[in-house]
Visitor: 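Supplied in structure tokens, the structure appears directly below.
Residue numbering restarts at 1 for every chain, and letters A, B, ... go by the order of the sequence lines.
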There are 2 protein chains.
Amino acid sequence: MRADAVRSRRRILDAAREVFLERGLDAPLDLIVRRAGVGPATLYRRYPDREALVRDLTGDLLTRLESAAETAAAVDDDAFAAVRRFVHAAADLRMGAAILVLLEGLVVDEELVLIRTRAANTVETLIQAAHETGRLRRDVGMGDLVLLSIRLSRPLPGGLDRLDPDGSLLHRHLDLALDGLTAASSDEPAATAGPGVPLTFADLITAAARPTTAG
Amino acid sequence: MRADAVRSRRRILDAAREVFLERGLDAPLDLIVRRAGVGPATLYRRYPDREALVRDLTGDLLTRLESAAETAAAVDDDAFAAVRRFVHAAADLRMGAAILVLLEGLVVDEELVLIRTRAANTVETLIQAAHETGRLRRDVGMGDLVLLSIRLSRPLPGGLDRLDPDGSLLHRHLDLALDGLTAASSDEPAATAGPGVPLTFADLITAAARPTTAG
DNA sequence: CTTAAGCGGAGAGATTTTCTCCGCTTTCAG
DNA sequence: CTGAAAGCGGAGAAAATCTCTCCGCTTAAG
């Protein structure tokens, strides 16, 4: 693959992630083209249709996500610290794009499902370990963490993103929120949230699966 | 005002809030019409242009928001509980719409600014009281709370909203996150987030103000 | 029961979006 | 350095979407 082609692909993928997050998966490709600073032909040449683009973007993000999970598991001794690291990394990748895109029902691709499963397993292991150390609330599951990461890292409308040009506010808010997910110790009055049911990754997938076959 | 007109207005306003949150302030009015289940003429008859709609929506939400703040202040003895109640109420109203709309630069209307200021003052009082009880972290300001409420209550793309048909998950996550905003007591190991600077409401306004006069 | 206010659908006109053709530029192997 | 193949961007036609109005029917309220 030629060097300039690689560059274009990266630009398009980055732009697509932002635009899809801001405007939804059916945003005009035109916007992506403009944000990427490439000509329309460059996009259409590589991706014959919208789905091809979505597929490539998903694969890209999932791969990076999985490697983030592995890094987190390898670097931190403490399981909760590893979870924390992973959530931050996921937010940096704007995992929301991967998830929403992945689950919009477009992807039946076996290879992607494989990557997804592998990433999910790695993270699940991390979370179980954190549960066992007692630092992570038992009623907080992977679904909760994923949702948290999606919500806090999603681009905001109305220029509010200017509040956080370098992402430091995002990470600060993530840290604060993560503190709310720690298990209450016996004498800690802070945790006022009642007990609940952990949200699993499978819950997310089920929810996002288009009700195509239903009815 | 005739009863069916009142009903139409309510439908349109509710639909507009959702659509603006999902697609941004320049979403097609057509979508709003469709979601509201009314004819296009019904919208255009009441609102000659987009701005009129935005203005009415903003006023509606801000008024309700202010009354939520007052209720919270009146009902709860504990200041932190009042803040908590207010944040939940704000999320129910999808405050995000009010804020984004307010701040997208459209509103120069004196009346709206007045309502906004009144609402902000009420909330600010609540927050200061919560700071003084020592239960709310000093480095968490109104801007942080507003942002949190916006982020957690914003509609999600890709069918993920099906996870939470009745809003209970939203409130659960809010509670968890709010627990992260409590002040660390001397022997509490949970709060790992380092100290930071509180985000004020003014910060939000400044950030969102369109750089119209700039340049 | 009258009457005026309000409603929704059809659709013309304007705008936006998709997608391709083609001449110019960049990469890279030899 | 040079040639050839791969890649690029802009212009713009065709299709799709969006805006906004006219008008005959329905509903509310006195």
Visitor: Without decimals, in angstroms, what is the distance between B:Arg34 CZ and C:dG9 C1'?
Guide: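 Going from CZ in B:Arg34 over to C1' in C:dG9 covers 14 Å.
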Visitor: Counting just side-chain N and O atoms, does A:Ser8 come under 4.0 Å of either OP1 or OP2 of D:dC8?
Guide: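 It does, given that an N or O in the side chain of A:Ser8 lies less than 4.0 Å from OP1 or OP2 of D:dC8.
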Visitor: Less than 4.0 angstrom from a charged side-chain N to a carboxylate O is my criterion; do A:Arg50 and A:Asp26 meet it?
Guide: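 No, no charged N to carboxylate O under 4.0 Å.
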Visitor: With DNA chain C as reference, determine whether A:Ala27 or A:Arg45 sits nearer its 5' end, using the nearest nucleotide of each.
Guide: A:Ala27
Visitor: Between B:Leu43 (CG) and D:dT21 (P), how many Å, whole number?
Guide: 12 Å
Visitor: Is it true that B:Arg85 and B:Asp78 make a salt bridge, defined as a side-chain N closer than 4.0 Å to a carboxylate O?
Guide: no
Visitor: Checking all strands, does A:Leu29 fall into the base, sugar-phosphate, or nothing category for heavy-atom contacts under 4.0 angstrom?
Guide: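 Counting heavy atoms under 4.0 Å across all strands, the contact made by A:Leu29 is with sugar-phosphate only.
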Visitor: So B:Arg7, base contact, sugar-phosphate only, or nothing? Heavy-atom distance under 4.0 Å.
Guide: sugar-phosphate
Visitor: Side chain of B:Arg50 only, heavy atoms from C-beta on: which candidate in D:dC8, C:dT18, D:dT19 is closest?
Guide: D:dT19
Visitor: Need to verify one output field. Residue with the more 5' nearest nucleotide on DNA chain D, A:Val6 or B:Pro28?
Guide: A:Val6
Visitor: Round to a whole Å and report the spacing from OH of B:Tyr47 to P of C:dC7.
Guide: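 From B:Tyr47 OH to C:dC7 P: 11 Å.
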Visitor: So, A:Asp49 and A:Arg55, do they make that salt bridge, N to O below 4.0 Å?
Guide: no
Visitor: Whole Å only: how far is the CG atom of A:Asp4 from the P atom of D:dG7?
Guide: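 For the pair A:Asp4 CG and D:dG7 P, the rounded distance is 7 Å.
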Visitor: 5'-most contact on DNA chain C: B:Arg2 or B:Ala41, nearest heavy atom basis?
Guide: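 Going by which nucleotide is closer to the 5' end, it is B:Arg2.
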Visitor: Using whole Å, report how far CG of A:Asp30 lies from P of C:dT20.
Guide: 15 Å
Visitor: NA contact type, B:Arg9, heavy-atom cut-off 4.0 Å: base, sugar-phosphate, or nothing?
Guide: nothing
Visitor: Figure out the CG/P separation between A:Leu53 and C:dT18, and round it to whole Å.
Guide: 12 Å
Visitor: In this structure, how many angstroms lie between the C1' atom of D:dT27 and the CE atom of B:Met1, rounded?
Guide: 15 Å
Visitor: For B:Tyr44 and C:dG13, what is the distance between atoms OH and C1' respectively, to the nearest whole Å?
Guide: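 Atom OH in B:Tyr44 sits about 13 Å away from atom C1' in C:dG13.
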Visitor: Can a salt bridge be assigned to the pair B:Asp4 and B:Arg11 using a cut-off of 4.0 Å between side-chain N and carboxylate O?
Guide: no
Visitor: A:Pro40 near the nucleic acid: base, sugar-phosphate alone, or nothing, with a heavy-atom cut-off under 4.0 Å?
Guide: base
Visitor: Give a yes or no on whether the backbone of A:Gly196 and the side-chain of A:Asp139 come within a donor-acceptor separation of less than 3.5 Å.
Guide: yes
